[in-house]
2 protein chains.
Amino acid sequence: MLTIGKLGAAARVKVPTIRYYEQIGLLLEAERSAGNQRLYSRAALDRLAFIRHARDLGFSLEAIRDLLSLSDDPDQSCAGADAIARAQLAEVETRLARLGALKAELERMVVQCAGGRIANCRVIEVLGDHSLCTTDHHPEGKATP
Amino acid sequence: MLTIGKLGAAARVKVPTIRYYEQIGLLLEAERSAGNQRLYSRAALDRLAFIRHARDLGFSLEAIRDLLSLSDDPDQSCAGADAIARAQLAEVETRLARLGALKAELERMVVQCAGGRIANCRVIEVLGDHSLCTTDHHPEGKATP
DNA sequence: CTAATGTCTCTAGTTACTATAGCTTCAAGA
DNA sequence: TCTTGAAGCTATAGTAACTAGAGACATTAG
C-alpha cells in the first residue's frame with residue numbers, strides 16, 4: 001500500500017492533483033489508514049499512470065474518463081477507444097497545421113523588425129493590421145494540449 | 001461612434017469578450033450614450049482589432065497588455081516588442097515539436113488498433129504503459145494557443 | 001405604440017489544476 | 001519516550017480567458 005506521496009512520485013503526478021482526480025471521480029475514493037490518510041494499491045497506481053500518460057498525449061479528462069470506463073469492460077468492442085484516439089489525433093493535426101501558420105507569421109514579424117523605434121516596429125504594425133499577414137492563421141476551435 | 005455590437009462585428013470579437021477586456025483594463029472604459037450604452041470610436045476599433053489579431057497569433061493577454069503599452073509610446077525602442085514576439089515564437093516552436101511527437105504516437109496507436117475487443121486494444125494498452133512509446137512525448141510547460 | 005432586438009449589470013461556470021491556511025498524523029532521531 | 005519535521009488532511013479560493021445566464025433597461029423597425 002502506498003501513501004499519496006509515494007503514489008504521486010511513482011506516477012509523476014502531484015499530490016493535490018491526485019486528490020483532485022479523486023474529487024472529480026476519475027479515481028475511486030482511496031482506502032484510508034487508521035489516521036485517515038489515503039492508501040493506494042498497485043491497481044490504483046496503474047490507473048493513475050494511465051491517466052497521466054493520456055494527459056501527456058493531450059487527451060482531455062473527459063476523454064480519459066471514457067477511455068477508463070471502456071478499459072474497465074474488456075469484452076466490449078474496441079471501436080469506442082479507437083474513435084476517441086482518432087478524434088484526438090485529428091485535433092492534434094489541426095493544431096499542428098495552425099501552429100505552423102502561426103510560426104511562419106511570427107517569424108516574418110520578427111525577421112522584419114529592424115530594431116529601431118516603436119513607430120516603425122514591424123511587430124506592432126503587423127499586429128495592428130491583419131492584411132499584412134501572408135498565411136491564413138486563424139483561431140483554434142479549442143485548446144489546451 | 002459604434003455600439004458594442006457593431007464594434008464586435010467589425011472586429012470579430014464577441015460582445016461579452018469586449019466587456020471582459022474593458023473589465024480587466026485592456027480596453028479603456030468606453031464613453032456612454034444617454035441611455036448608458038457603450039460607444040466606441042474608430043481608435044477603439046483599431047485597438048480591439050490589434051488585440052484580436054494578437055490573440056489569433058497566440059499571444060497571452062498579459063503579453064498583449066505589454067505590446068499595447070509599447071505601442072502607446074512610439075518613440076521607445078523596438079526591443080521590447082521584439083522580445084515579446086520572439087518569446088512567442090519560441091513557445092510556438094516548442095509546442096510544434098511536442099505536437100509532432102504526440103501526433104506520431106497517436107498515429108501509431110490508431111494504426112495498430114485492430115478493431116477487436118478492448119482486451120486487446122492497442123490504444124488502451126499503450127496508454128497504460130508508457131514504455132510502449134517510441135517518441136519522447138512529454139508534458140508542455142504551458143499551453144493555450 | 002408595440003414588439004423585437006440590443007445592451008446593461010452581476011454572478012457563476014468552464015478546464016485542469018495550483019496555492020493557501022490551519023489543522024492532524026506519521027516516522028525518525030535524541 | 002519525547003519531539004520535531006515532513007507529509008497528510010480539509011476547505012476555500014485563485015489561475016487564463018472567456019462563456020452563459022438572469023432580470024432589467026434602451027433602442028429601433030414597423
Side-chain angles (χ1 to χ4, degrees), chain A residues 1-27 29-40 44 48 50-68 88 91 95 139-145, chain B residues 1-27 29-40 44 48 50-68 88 91 95 139-145:
Chain A
M1 285 300 182
L2 304 165
T3 62
I4 197 169
K6 310 285 181 193
L7 179 74
R12 292 184 311 130
V13 173
K14 285 181 196 140
V15 166
T17 303
I18 298 172
R19 289 197 278 249
Y20 169 71
Y21 287 164
E22 177 184 305
Q23 191 196 312
I24 62 169
L26 213 55
L27 293 175
E29 292 197 13
E31 282 182 69
R32 296 299 182 115
S33 73
N36 196 36
Q37 303 196 344
R38 290 174 180 81
L39 292 178
Y40 295 92
L48 183 56
F50 182 102
I51 295 171
R52 158 77 204 231
H53 194 196
R55 286 297 294 137
D56 280 358
L57 286 166
F59 289 88
S60 72
L61 292 185
E62 228 16 77
I64 292 171
R65 198 187 292 276
D66 293 346
L67 288 168
L68 282 171
Q88 178 63 19
E91 206 178 299
R95 301 216 285 137
E140 273 178 283
K142 48 199 310 187
T144 314
Chain B
M1 285 299 182
L2 304 165
T3 63
I4 197 170
K6 309 286 182 195
L7 179 74
R12 291 183 311 131
V13 173
K14 285 179 195 140
V15 166
T17 303
I18 297 172
R19 288 197 277 248
Y20 169 71
Y21 286 163
E22 177 183 305
Q23 192 195 312
I24 64 170
L26 212 57
L27 292 176
E29 293 197 13
E31 281 182 69
R32 298 297 182 117
S33 73
N36 197 37
Q37 303 197 343
R38 289 172 181 81
L39 292 176
Y40 294 92
L48 183 56
F50 181 101
I51 295 171
R52 157 78 204 230
H53 193 196
R55 286 296 294 137
D56 281 358
L57 286 166
F59 289 88
S60 72
L61 292 183
E62 229 14 77
I64 292 171
R65 199 186 291 277
D66 293 346
L67 287 168
L68 283 169
Q88 177 63 18
E91 207 178 298
R95 300 216 286 137
E140 274 179 283
K142 51 198 308 188
T144 313

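Lettering of chains follows the sequences in order, A, B, ..., and the numbering in each one begins at 1.
For A/E22 and B/A34, each mapped to the nucleotide of DNA chain D holding its nearest heavy atom, the one lying further toward the 5' end belongs to A/E22. Sequence order on DNA chain C of the closest nucleotides to A/N36 and A/Y21 puts A/Y21 first from the 5' end. If you find the closest nucleotide of DNA chain C to A/E62 and to B/R38, the one lying nearer the 5' end belongs to B/R38.
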Next item on the list: Take B/I51 and B/F59 through the test side-chain contact (heavy atoms from CB on, under 4.5 Å) and record every step on the way to the result.
Entry: CA-CA 9 Å; B/I51 295 171; B/F59 289 88; over 6 Å; no
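Atom CD1 of A/I18 and atom C1' of D/dC9 are 14 Å apart (whole Å). Atom pair A/L39:CG and C/dC26:C1' shows a separation of 12 Å (rounding to whole Å applied). Taking atom CZ on A/R52 and atom P on C/dA16, their separation rounds to 15 Å, with Å as the unit. To the nearest angstrom, P of D/dA16 lies 18 Å from CZ of B/F59. Going from atom CG of B/D56 over to atom P of D/dA17 covers 14 Å, rounded to whole Å. Distance B/I51 CD1 to D/dC18 C1': 14 Å, rounded to the nearest Å. For the pair A/L2 CG and D/dA7 P, the computed distance is 15 Å after rounding to whole Å. The distance between atom CZ of B/R32 and atom C1' of D/dT27, rounded to the nearest whole Å, is 15 Å.
With rounding to the nearest 0.5 angstrom, the CG atom of A/L57 is 10.5 Å from the CZ atom of A/R55. Separation of atoms CG (A/L61) and CG (A/L67) is listed at 11.5 Å; rounding is to 0.5 Å. Put simply, CD on A/E91 and CZ on A/R95 are 6.0 Å apart, with the number rounded to the nearest 0.5 Å. Atoms NE2 and CZ, on B/H53 and B/R12 in that order, are 9.5 Å from each other to the nearest 0.5 Å. To the nearest 0.5 Å, the span separating CD on A/Q23 from OG1 on A/T17 amounts to 11.5 Å. Atom CG of A/L7 sits about 6.0 Å away from atom OH of A/Y40, to the nearest 0.5 Å.
At a threshold of 4.5 Å between non-hydrogen side-chain atoms, the residues A/L48 and A/L27 count as touching. By the 4.5 Å heavy-atom criterion applied to side chains, A/Q37 and A/I4 are not counted as neighbours.
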Detail all sub-3.5 Å separations between protein N/O atoms and N/O atoms belonging to nucleotides 3-6 of chain C.
from  : atom 1 : to    : atom 2 : distance (Å)
C/dG6 : N2     : B/Q37 : NE2    : 3.4

Identify the pairs formed between an N or O of the protein and an N or O of nucleotides 10-14 of chain C at a distance under 3.5 Å, and give each distance.
none

Please tabulate the protein-to-nucleotide N/O contacts below 3.5 Å involving nucleotides 18-23 of chain C, giving atom names and distances.
from   : atom 1 : to    : atom 2 : distance (Å)
C/dT18 : OP2    : A/T17 : OG1    : 3.0

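Minimum heavy-atom separation, B/G5 to B/V15: CA-CG2, 3.9 Å.
Taking 4.0 angstrom as the limit, B/S33 places a side-chain polar atom (N or O) nearer than this to OP1 or OP2 of D/dT27.
Ion pairing between a basic and an acidic side chain is recognised when a charged N comes within 4.0 Å of a carboxylate O; A/R38 and A/E22 show such pairing.
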